[in-house]
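By convention here, the first residue in the shown sequence is residue 1. Computed over heavy atoms, backbone and side chain alike; hydrogens, waters and symmetry mates excluded. Keep in mind that this is a model prediction, so the values were computed, not measured.
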Amino acid sequence: MDRTLLIVKPDGVQRNLVGEILSRWEKRGFKLVALKLVVPSKELAEQHYGEHKGKPFYDKLVSFITSGPAVFIVFEGKGVVETSRKMIGATNPLNSEPGTVRGDLAVDMGRNVIHGSDSKDSAAREIKLWFGDNEVFSWTSHSQADLYE
C-alpha cells in the first residue's frame, strides 16, 4: 500500500480544522498509520522545503511552518498520494474547487491550511524526515477488508 504525508499547517491547527481534515481522509477509506503534533524546528523545515531553496517564497514557507504547532499525519491506502492531492486542491485557495480542503477551508495562498506529498518519492522522503521507524505503524484495519479487490 502507498503512504503519504499530510501536514495540517499552523493556520489549520489555530483554526481547529484538524478533526475536519482527518475525517475527510478516514471517510475516504484511508488508514491512519502515524500522527503527531509538533512545532517544527527551522532545520527540519529547511530540509522539508529544500527543493524550494532560493525561490522568493522559501523563507516565508520556513518561517510559517515553524511559527506554531502543526499536525503531521501519515495515511496509507491504494492511490493515497494522487487522491490526497485531489482532495487538497490547488495551492492557491482561490483556484481550488469547492469540496477540496483548500477550496472549502483556506482563504490565502500563504495560509493554505495543509501540505500533502506530491509524489510517492516525496512521500517516502518526507515521512522519513518527520517520523522515526517506530512512529509509523502497520496494523490491520478490519473495517477496510472490503475496500479493495
Side-chain angles (χ1 to χ4, degrees), residues 1-41 44-52 60-149:
M1 284 292 152
D2 300 329
R3 288 182 171 168
T4 196
L5 177 79
L6 301 178
I7 304 171
V8 180
K9 296 178 183 180
D11 57 326
V13 174
Q14 293 269 336
R15 294 178 53 210
N16 299 310
L17 299 175
V18 176
E20 161 81 19
I21 291 168
L22 281 170
S23 72
R24 289 178 183 225
W25 268 257
E26 289 181 319
K27 288 175 186 174
R28 185 67 188 243
F30 294 119
K31 182 170 63 172
L32 179 67
V33 295
L35 174 75
K36 64 181 169 181
L37 180 71
V38 176
V39 177
S41 70
L44 280 176
E46 287 173 341
Q47 289 179 50
H48 179 84
Y49 289 123
E51 74 249 24
H52 299 300
K60 285 184 178 181
L61 283 175
V62 171
S63 177
F64 180 61
I65 199 71
T66 60
S67 69
V71 175
F72 291 75
I73 309 157
V74 181
F75 273 106
E76 180 178 273
K78 188 175 179 180
V80 70
V81 175
E82 298 84 1
T83 302
S84 294
R85 297 298 296 173
K86 291 176 185 173
M87 291 172 67
I88 289 168
T91 302
N92 186 340
L94 298 176
N95 299 329
S96 290
E97 296 293 324
T100 65
V101 171
R102 290 178 177 152
D104 292 348
L105 305 174
V107 293
D108 185 72
M109 182 124 146
R111 302 290 185 267
N112 62 10
V113 178
I114 189 170
H115 162 84
S117 302
D118 64 4
S119 69
K120 290 178 187 178
D121 289 340
S122 290
R125 180 185 67 79
E126 292 173 353
I127 292 167
K128 188 175 177 106
L129 180 66
W130 295 104
F131 290 92
D133 292 337
N134 64 341
E135 295 179 303
V136 180
F137 299 92
S138 293
W139 60 281
T140 301
S141 171
H142 301 293
S143 67
Q144 291 186 319
D146 294 323
L147 284 179
Y148 304 113
E149 289 185 306

Practice task
Apply side-chain hydrogen bond (donor to acceptor under 3.5 Å, both in side chains) to Ser84 and list each qualifying residue two or more places apart in sequence or on a separate chain.
Solution key: Trp25
Exercise for the section: Return yes if some donor-acceptor pair links the side-chain N/O of Ser63 with the main-chain N/O of Lys60 below 3.5 Å, else return no. Expected result: no
Exercise for the section: List for me each residue that meets salt bridge (charged side-chain N to carboxylate O under 4.0 Å, His left out) alongside Asp108, sequence neighbours excluded, and say none if there are none. Expected result: none
Without placing hydrogens or testing angles, list every side-chain donor-acceptor pair under 3.5 Å for residues 8-17, not counting sequence neighbours.
unit_1	atom_1	unit_2	atom_2	d
Lys9	NZ	Asn112	OD1	2.7
Asp11	OD2	Val113	N	3.0
Arg15	NH1	Leu105	O	2.6
Arg15	NH2	Leu105	O	3.0

Practice task
For Lys86, enumerate each residue passing the side-chain hydrogen bond (donor to acceptor under 3.5 Å, both in side chains) test, keeping only those at least two apart in sequence or located in another chain.
Solution key: none
Problem - Set of ring pair (Phe, Tyr, Trp, His ring centres under 6.0 Å) partners for Phe72, sequence neighbours left out - result: Trp130
Problem - Gap between atom OG1 of Thr100 and atom CD1 of Ile114 - 0.5 Å precision - result: 10.0 Å
Handout entry: With sequence neighbours excluded, residues passing side-chain hydrogen bond (donor to acceptor under 3.5 Å, both in side chains) with Asn92
Key = none
Problem - Partners passing salt bridge (charged side-chain N to carboxylate O under 4.0 Å, His left out) against Glu97 (at least two apart in sequence or in another chain) - result: none
Exercise for the section: Output the distance between atom NZ (Lys31) and atom OG1 (Thr140), rounded to the nearest 0.5 Å. Expected result: 6.0 Å
Exercise for the section: Using modelled atom types only, decide if a donor and an acceptor are shared between the side chain of Ser23 and the backbone of Glu20 within a distance under 3.5 Å. Expected result: yes
Could you go through residues 120-127 and list every donor-acceptor pair under 3.5 Å that involves a side-chain atom there, pairing it with any protein atom two or more places apart or in another chain?
unit_1	atom_1	unit_2	atom_2	d
Ser122	OG	Asp118	OD1	2.8
Ser122	OG	Ser119	OG	3.2
Arg125	NH1	Gln47	O	3.4
Arg125	NH2	His48	O	3.4
Arg125	NH2	Glu51	OE1	3.3
Glu126	OE1	His115	NE2	3.1
Glu126	OE1	Ser117	OG	2.6
Glu126	OE2	His115	NE2	3.3

Practice task
Report the residues that fulfil side-chain hydrogen bond (donor to acceptor under 3.5 Å, both in side chains) with Ser138, sequence neighbours left out, ordered by chain and then residue number.
Solution key: Arg3
Practice task
For the residue pair Arg102 and Thr91, establish whether any side-chain heavy-atom pair is separated by less than 4.5 Å.
Solution key: yes
Exercise for the section: Kindly compute the distance separating CD (Glu82) from CG (Asp2), expressed to the nearest 0.5 Å. Expected result: 6.5 Å
Problem - Euclidean distance, Leu32 CG relative to Phe30 CZ, rounded to 0.5 Å - result: 12.5 Å
Practice task
Taking salt bridge (charged side-chain N to carboxylate O under 4.0 Å, His left out) as the test, write out the residues that go with Glu135, two or more places apart.
Solution key: Lys36
Handout entry: Where Ile7 and Ala70 come nearest, the two heavy atoms and their spacing
Key = CG2-CB, 3.9 Å
Problem - Gly77 versus Met1, closest heavy-atom pair with distance - result: C-SD, 3.6 Å
Practice task
With rounding to the nearest 0.5 Å, note down the distance linking CG in Leu129 to CG in Leu5.
Solution key: 9.0 Å
Practice task
Check Val80 against Phe75 and note the closest heavy-atom contact, atom names and distance.
Solution key: CG1-O, 3.9 Å
Exercise for the section: Heavy atoms only: give me the nearest Ser96-Gly89 pair and the separation to one decimal. Expected result: OG-C, 3.6 Å
Problem - Val18 vs Leu22 side-chain heavy atoms within contact, under 4.5 Å - result: yes
Practice task
Kindly give the heavy-atom pair with the smallest separation between Ala106 and Arg111, and that separation in Å.
Solution key: CB-O, 4.1 Å
